[in-house]
Amino acid sequence: VETAEGTGARSFPPGFVWGTATAAYQVEGAVAEDGRTPSIWDTYSHTPGRVAGGDTGDVADDHYHRFREDIALMKRLGLASYRFSVAWPRITPQVSADALGPVNGAGLAFYSTLVDELLAAGIEPAVTLYHWDLPQALEDAGGWTSRRTAERFAEYAEVVAAALGDRVRTFITLNEPWCSAYLGYASGVHAPGRTEPAAALAAVHHLNLAHGLGAAAVRRAAPGARVALTLNLAWVRTEGSRKADADAVRRVDGLQNRVFLDPVLHGSYPADVLADTAAATDWSFVHEGDLALIHQPLDVLGVNYYSPTVVRAWDGAAPRAEADGHGNSAHSPWVACEDVEFPELPGHRTAMGWSVDPRGMTELLLRLHREHPGLELLVTENGAAYDDVVTAGQVHDVERTRYLRDHLAAVLDAVEAGAPVTGYYLWSFLDNFEWSYGFSKRFGIVHVDYATQQRTLKDSALWYATVVAANAVPAALRG
Ligand code: GBH
């Protein structure tokens, strides 16, 4: 096992927050317990053909029952913080498009106990209010294509913030609305599995609105808390030199980054994105006053980074390259980007097939610092899937450790160049339900044997513990 000392360690600023992250549907299981009703991911995972191996989150890591054991492991690793999400269908199981319905005390009690146990272990909770498990009843009434979903979200957010705000410092409204909108409503590789570009753009707007209304609700209910939003932003680049290649960068940057950043941070939608998507929608779902509601003060921007996005203009000659995480869908998540392709790059890839490029982390953080000076940044996810095996009670996941080391060094490069990054949450604490890939992809630093629920610390977990203890990343790994 590598350690952070000895090989020329580079220190992080004092007080840098070290954590790991998970999401409710990926780890909890207990989907029919204590009053929980189905979310869109229950429906989707139980639809044949949607998830690899027919896997579902019915049991997952059984974290709902084993959270004490899991917290003990976090404590053993010396982790300072844990980012988890609250399952909306546990909190208001009877929600409809018109009304939030009664609050389920048993659902709230689970998270309240989780928070208490974390604090007792000296671990700071960071709460994501929405990590993709929309109550199915809301999807049946239009889901994120309907503004009523955003209105109900704000009411739900207020309930959770009121219940936990005395002990939780950080509330993240949404996790990766890009995925909810484009993977859920355009490519259909995520729940609810719809393939309608216009619906995806309506979802973009109503997710932005949900963030704005939710942020205001959290402030009302928990005035002392920090309000955050987590985006999967991309460092979009091209290796092409044609004018059309630069235009492809602009378009993908618009749909992935600016269509979320601009309304939240500036109160406007990018004019070029509105123009690019005009054939799909006239954006009439944006009502007078919505942009002011979305443009709420933001205390922290959460950044999830895994891999770079490389684009090139497609001239229509050869078949279009689509190395952009379309999954097995015939439908692209990239609305109005028919003339853009995503070339396969040579070089190292993770088990997801995502290319590894730590420089993208640095470039992304520096761009955010440059364009939004003064905005506090938090890496709310970063990590990698590899095909791990347990041998004699150990998991020698050298590639994951290398990925983590290189990306932590990349975060530190940005910090040293002035980017105000205050913490890092590794994805993920446990191996878990990796959405449409089911349990076939392992992102954890803790291995889970799904047959026995046995947890095994991987070498990367032991290595991460040394990084956390030293508040430093080694300059290089031995060997
Ligand atoms: C996150 O999403 C989620 O928040 C989390 O729940 C999930 O388990 C975790 O990451 C791992 O997947 O094919 O090279 O162009 C990740 C969002 C969007 C990141 C698609 C990778 C495609 C990369 N992903 N993207 S590439």
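Numbering of ligands and ligand atoms starts at 1, following listing order.
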Judged on heavy-atom distance to [atom], which of [options] sits nearest?
atom                    : options                        : value
atom 10 (O) of ligand 1 : Phe443, Tyr182, Tyr305, Tyr306 : Tyr306
atom 20 (C) of ligand 1 : Trp132, Trp435, Trp178         : Trp178
atom 21 (C) of ligand 1 : Tyr25, Phe433, Trp354          : Trp354

Discussion item. For Met352, which part has a heavy atom under 4.0 Å from ligand 1: side chain, backbone, both, or neither?
Written reply: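 None of Met352 does.
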Worksheet item: Any idea which part of Asn175 is under 4.0 Å from ligand 1, heavy-atom wise: side chain, backbone, both or neither?
Response: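 It is the side chain that touches ligand 1; the backbone stays farther off.
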Item to complete: Return the orientation label for the Phe153 and Trp88 ring planes: parallel under 30°, perpendicular over 60°, tilted otherwise.
Response: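 Phe153 and Trp88: perpendicular rings.
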Worksheet entry | Aromatic ring pairing Trp427/His131, orientation class (parallel under 30°, perpendicular over 60°, tilted between) |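 Geometry flag for His131 against Trp427: parallel rings.
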Any N or O on [X] sitting closer than 3.5 Å to an N or O of ligand 1?
X      : value
Ser307 : yes
Asn232 : no
Gln26  : yes

Worksheet item: Which of the atoms of ligand 1 are close to His131, meaning less than 4.0 Å from one of its heavy atoms?
Response: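 Under 4.0 Å from His131, ligand 1 has these atoms: 3 (C), 4 (O), 5 (C), 6 (O).
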Discussion item. Suppose I only count heavy atoms of Cys179 and a 4.0 Å limit; which atoms of ligand 1 are within that range?
Written reply: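 Here the atoms of ligand 1 in question are 17 (C).
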Is the closest side-chain donor-acceptor distance between [X] and [Y] under 3.5 Å?
X      : Y      : value
Arg258 : Gln256 : no
His205 : Tyr269 : yes
Asn304 : Tyr425 : no
Ser112 : Arg167 : yes

Worksheet item: In this structure, which one of Arg320, Arg251, Arg312 forms a salt bridge (charged side-chain N to carboxylate O under 4.0 Å, His left out) with Glu341?
Response: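 By the salt bridge (charged side-chain N to carboxylate O under 4.0 Å, His left out) criterion, Glu341 pairs with just one of Arg320, Arg251, Arg312: Arg312.
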